[in-house]
Amino acid sequence: MKFIKDILKGMVMGIANIIPGVSGGTMAVSMGIYDILIHSVTHIFKEFKKSFNALLPIGIGMVVGILGLSRLIEWMFDAVPIQTNLLFIGLIIGGLPAVWNRVKGQTVRVWHIVGALAFFALVVGLAVLDGTEGSAADLTFSLMNCVKLFVVGVIAAATMVIPGVSGSMMLMLMGYYNPILETINGFIDDLIALNWDGIWAGVGVLAPFGIGVLVGILGIAKLIEILLVKAPYLVFWCIIGLIVASPIAIVMLNDFSGINAVSIITGIVALAVGFVVAMKLGGDEGDENEGKAAETEVKTEG
């Protein structure tokens, strides 16, 4: 029964990781498995059997969640882009109160504000430099593109590990979200049709990206674990900077020129739905317990 429950939890994380603005890390915190995930990843070699048994069902669930919903997300971007983007903006804004509760009532120090502003500038800066949304990314097979995909995978993995930060949002800002989503869907179609040319083309994109994700998770999880213990408030202020900047970046990266009365009304509804859903998920009691547990490990922040 526990194995099945962990698969279901992994599915929720997988779905969250492919929706821009929704954090798989936050979902892990809400479901009470974040500590287990971080510990299992950082101790995979020292406690291989225990860590593997903990990660296996969650990993299976994540794969199922990603493969099962990727086509729906792609369709939503094509069919109702304005409403879809406003839904994601609602999800982002709705997650802010839960993160704010982590720092509310604590002394605000200079480096907290500097961290928030730095990560705000990072997200907006990426949007300014990119100028176009993910469909412009070049995924043709070459050594340089393989290196780029590896680096993108590392960055995406880092943001997936941090509660409150969306890995898929970072992919969108870097221009790789839609191309990778389309590649996943095309790869599934080619597997079903046994189209080997398409399969190998998909492997050429997904393999370096997937390796980057694995390396990023293994390499950064320990750092995140240390930071959340040693400087939790600085981490959460940086997360606040990311969350506040993300809606601005979405508006900058997308075309809202086709807006009309119907899209405004339905967009507001989508924004509200996203906000409420994120509020409910972010306000989960497990999230509060996670924050309190982290705070008890340190008396003061360095």
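Since we're looking at a predicted model, the values are computed, not measured.
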Check whether any side-chain N or O of Thr84 sits under 3.5 Å from a backbone N or O of Met76 as a donor-acceptor pair, and report yes or no.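 Such a contact is found between Thr84 side chain and Met76 backbone.
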Output yes when a side-chain donor or acceptor of His43 lies under 3.5 Å from a complementary backbone atom of His39, and no otherwise.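 Indeed, once roles are kept as given, a pair shorter than 3.5 Å links the two residues.
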Same cluster or not: [X] versus [Y], using hydrophobic residues (I, L, V, M, F, W, Y) connected whenever any side-chain heavy atoms lie under 4.5 Å apart?
X: Ile155; Y: Met144; value: no
X: Val114; Y: Val108; value: no
X: Ile192; Y: Val203; value: yes
X: Ile38; Y: Ile226; value: no
X: Leu223; Y: Phe45; value: yes

Kindly write out the residues that satisfy side chain to side chain donor-acceptor pair (under 3.5 Å) with Asp189, not counting sequence neighbours, or none if the list is empty.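 If we apply the side chain to side chain donor-acceptor pair (under 3.5 Å) test to Asp189, skipping adjacent residues, the hits are Arg71.
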Heavy-atom check, side chain of [X] versus side chain of [Y], under 4.5 Å:
X: Pro57; Y: Ile60; value: no
X: Ile58; Y: Met13; value: yes
X: Val215; Y: Phe150; value: yes
X: Val103; Y: Ile240; value: yes

Pairs in or reaching into residues 209-222: which pass salt bridge (charged side-chain N to carboxylate O under 4.0 Å, His left out), with residues at least two apart or in two chains?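 Found Lys222-Glu225.
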Walk me through whether Asn101 and Lys104 qualify under side-chain contact (heavy atoms from CB on, under 4.5 Å). CA-CA 5 Å; Asn101 286 336; Lys104 186 172 62 176; 3.4 Å; yes
Could you state the interatomic distance from [atom1] ([X]) to [atom2] ([Y]), rounded to the nearest 0.5 Å?
X: Ile89; Y: Ile248; atom1: CD1; atom2: CD1; result: 10.0 Å
X: Ile199; Y: Ile188; atom1: CD1; atom2: CD1; result: 12.0 Å
X: Phe3; Y: Asn53; atom1: CZ; atom2: CG; result: 9.0 Å
X: His112; Y: Leu117; atom1: NE2; atom2: CG; result: 13.0 Å
X: Ile36; Y: Lys50; atom1: CD1; atom2: NZ; result: 9.0 Å
X: Leu206; Y: Ile211; atom1: CG; atom2: CD1; result: 11.0 Å

Can you check side-chain contact (heavy atoms from CB on, under 4.5 Å) on Tyr176 and Leu149, steps first, answer last? CA-CA 9 Å; Tyr176 282 86; Leu149 283 165; 3.9 Å; yes
Between Val213 and Val154, does a side-chain contact (heavy atoms from CB on, under 4.5 Å) hold up when you go through it step by step? CA-CA 5 Å; Val213 169; Val154 171; over 6 Å; no
Please name all residues satisfying side chain to side chain contact (heavy atoms under 4.5 Å, CB included) with Ile44, sequence neighbours left out, ordered by chain then number.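 Per chain and number, Ile44 pairs via side chain to side chain contact (heavy atoms under 4.5 Å, CB included) with Phe48, Ser51, Leu55, Leu218.
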Listed by chain and number, what are the side chain to side chain contact (heavy atoms under 4.5 Å, CB included) partners of Ala116, not counting sequence neighbours?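 Ala116 satisfies side chain to side chain contact (heavy atoms under 4.5 Å, CB included) with Trp237 only.
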Where do [X] and [Y] come nearest, in terms of heavy atoms and distance?
X: Asn85; Y: Pro81; value: ND2-O, 2.7 Å
X: Ala245; Y: Val124; value: CB-CG2, 3.9 Å
X: Ser40; Y: Ala54; value: OG-CB, 3.5 Å

Show which side-chain atoms of residues 264-278 pair as donor or acceptor with protein atoms under 3.5 Å away, not counting sequence neighbours.
{"unit_1": "Thr266", "atom_1": "OG1", "unit_2": "Gln83", "atom_2": "NE2", "d": "2.8"}
{"unit_1": "Thr266", "atom_1": "OG1", "unit_2": "Val262", "atom_2": "O", "d": "2.8"}
{"unit_1": "Thr266", "atom_1": "OG1", "unit_2": "Ser263", "atom_2": "O", "d": "3.3"}

Considering only residues two or more places apart or on different chains, which pairs with a residue in residues 193-203 satisfy side-chain hydrogen bond (donor to acceptor under 3.5 Å, both in side chains)?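 Sorted pair list: Asp190-Asn195.
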Apply side-chain contact (heavy atoms from CB on, under 4.5 Å) to residues Val235 and Cys238 and explain how you reach the verdict. CA-CA 5 Å; Val235 171; Cys238 292; 5.8 Å; no
